[in-house]
Amino acid sequence: MSMYRNAVWLVKGLQEYTKSGYEAAAKHFTPGDLDVKVSGRSFVITGANSGIGKRAALEIANRGGTVHMVCRNKERAEAAKNEIIDQSKNQNVHVHIVDMSSALQVWKFAQNFSQENSVNVLINNAGCMVNQRELTDEGLEKNFATNALGTYILTTALIPALKKAENPRVITVSSGGMLVQKLNLDDLQFEKGTFDGTMAYAQNKRQQVILTERWASQHKEIHFSSMHPGWADTPAVQLSMPDFHAKMQNKLRTEAMGADTIVWLAVSGASGQQPSGLFFQDRKAVATHLPLACSRCTPQEEEKLQATLEHQGWTFT
């Protein structure tokens with residue numbers, strides 16, 4: 001079945017996830033959706049110093065939003081911040097240094113941030129694809145720690161602050177790669193069998209989509225969405241998937257194309273009219289499973305995923 005999923009997904013990706021796929025989809029966009037000003041609204045964006053996260057931060061700053069860049073590397077973050085301020089002429093861009101693979105750091109940041117700042121929109125963009133199994137200082141597998149647990153902790157810790165804000169939204173940058181994965185609760189940290197970083201990443205991205213759906217059902221006051229940016233030419237793709245990047249380089253989307261739906265979900269009125277909890281690609285809600293792929297799990301399994309992350313998260317408070 002995994003061979004079937006992979007084959008169907010590859011065909012789908014070549015048609016939809018590439019630059020030409022974006023250009024085809026963009027013909028159906030509503031031109032005025034992003035003609036908005038978001039002055040006075042606060043946006044927290046993880047992984048905002050490069051790639052589509054940086055581009056999303058720039059687009060939001062261009063529209064007057066207050067941008068909080070949550071980044072791991074201070075030097076690169078400050079350079080990106082200065083570039084965004086220079087291009088947008090918006091001084092309300094701030095850097096927060098947090099390693100999203102450290103549960104303790106994420107907890108501390110969220111608690112301190114909530115006390116000192118408001119947040120209207122959280123964009124969970126930070127992610128990693130480590131191709132050799134690696135443990136964090138806290139003893140967690142790094143992909144899981146960053147993509148799943150870090151996202152879970154930051155989101156749940158900021159929910160009280162989000163509920164106090166006007167028109168609160170949470171956008172989680174997932175991946176179409178999650179379509180090849182069924183939730184696997186038996187090996188959340190990839191301890192069994194041969195480690196495959198690409199599949200670990202895809203499994204984490206499936207988990208993010210499930211969490212988005214559950215949060216949407218549990219917190220009606222907040223608009224939740226997950227999304228796939230397509231195959232974009234970013235530093236992260238070059239580093240983590242060099243062979244893929246070399247083969248697909250001429251077909252990859254620009255960073256602006258990859259960030260487009262993030263920005264649309266974050267600022268447009270149209271996206272807020274969509275039901276909460278959906279998975280988006282090119283400004284359109286799309287299916288979270290391939291046809292006949294047998295990738296669905298039970299509500300009990302989804303509940304167990306959330307409970308497991310809750311337990312793991314509280315371990316580090």
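The side chain to side chain contact (heavy atoms under 4.5 Å, CB included) with Ser174 is formed by just one residue from the set Met227, His228, Gln208; it is Gln208. When the options Thr212, Thr172, Asn124 are evaluated for a side-chain hydrogen bond (donor to acceptor under 3.5 Å, both in side chains) with Thr155, the one that passes is Asn124.
Every residue meeting the ring pair (Phe, Tyr, Trp, His ring centres under 6.0 Å) condition with Phe113, not counting sequence neighbours, appears here in chain and number order: His68, His96, Phe109. Residues satisfying the salt bridge (charged side-chain N to carboxylate O under 4.0 Å, His left out) test with Arg169, not counting sequence neighbours, are none. Residues passing the ring pair (Phe, Tyr, Trp, His ring centres under 6.0 Å) test with Phe316: none are found, sequence neighbours excluded.
The main-chain N or O of Ala103 is found under 3.5 Å from a side-chain atom of Glu138 such that the two form a donor-acceptor pair. At distances below 3.5 Å, at least one donor-acceptor pair connects side-chain atoms of Asn125 with backbone N or O atoms of Gly47. The backbone N or O of Asn120 lies less than 3.5 Å from no partner atom in the side chain of Asn167, so there is not a single donor-acceptor pair. In this structure, the side chain of Arg55 does not engage the main chain of Met257 through any donor-acceptor pair within 3.5 Å. Remark: side-chain polar atoms of Asp86 are not paired, donor with acceptor, to backbone N or O of Asn82 under 3.5 angstrom.
A single hydrophobic cluster is not seen to contain both Ile222 and Ile262; linkage of ILVMFWY side chains at heavy-atom distances under 4.5 Å, directly or through other members, places them apart.
Around atom NZ of Lys74, no more than 12 heavy atoms belonging to other residues, nucleotides or ligands sit under 6.0 Å away. The number of heavy-atom neighbours closer than 6.0 Å to CZ of Arg72, taken from other residues, nucleotides and ligands shown, is 12 or below. Within 6.0 Å of atom CD in Glu303, 12 or fewer heavy atoms from other residues, nucleotides or ligands are found, so the atom counts as exposed in its surroundings. Counting non-hydrogen atoms of other residues, nucleotides and ligands closer than 6.0 Å to NZ of Lys108 gives a total of 12 or fewer. The neighbour count for Arg76 CZ, taken as heavy atoms of other residues, nucleotides or ligands under 6.0 Å away, does not exceed 12.
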### Query
Would Met100 and Ile153 satisfy side chain to side chain contact (heavy atoms under 4.5 Å, CB included), going step by step from the backbone distance to the final call?
CA-CA 9 Å; Met100 288 298 297; Ile153 291 173; over 6 Å; no
### Task
Determine, step by step, whether Ser225 and Leu278 satisfy the side chain to side chain contact (heavy atoms under 4.5 Å, CB included) criterion, reporting the C-alpha distance in whole Å, the side-chain angles of both residues, the deciding distance to 0.1 Å, and the verdict.
CA-CA 5 Å; Ser225 53; Leu278 299 181; 5.8 Å; no
#### Entry: Glu75/Asn73 under side chain to side chain donor-acceptor pair (under 3.5 Å): CA gap, chis, key distance, verdict
CA-CA 6 Å; Glu75 184 177 338; Asn73 183 288; 6.0 Å; no
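Aromatic ring centres of Tyr22 and Phe29 lie closer together than 6.0 Å.
Between Asp137 and Ser102, every side-chain heavy-atom pair lies at or beyond the 4.5 Å cut-off. You'll find the side chain of Ser271 stays beyond 4.5 Å of the side chain of Ile171, heavy atoms only. Considering only heavy atoms from C-beta on, Leu183 comes within 4.5 Å of Ile210 through its side chain. Looking at heavy atoms from C-beta onward, Glu141 lies out of side-chain contact with Leu188 at the 4.5 angstrom threshold.
With hydrogens and angles left out, the side-chain atoms of Asp233 and Gln238 include a donor and acceptor closer than 3.5 Å.
Counting only residues at least two apart or on different chains, no salt bridge (charged side-chain N to carboxylate O under 4.0 Å, His left out) pair has a member in residues 190-211. For residues 276-286, the side chain to side chain donor-acceptor pair (under 3.5 Å) pairs, not counting sequence neighbours, are Glu16-Gln281, Arg253-Asp282, Asp260-Arg283. Residue pairs meeting the ring pair (Phe, Tyr, Trp, His ring centres under 6.0 Å) criterion with at least one member in residues 249-281, sequence neighbours excluded: Trp264-Phe280.
At a threshold of 4.0 Å, the pair Lys19-Glu23 does not count as salt-bridged, since none of the basic side-chain nitrogens sits closer than that to a carboxylate oxygen.
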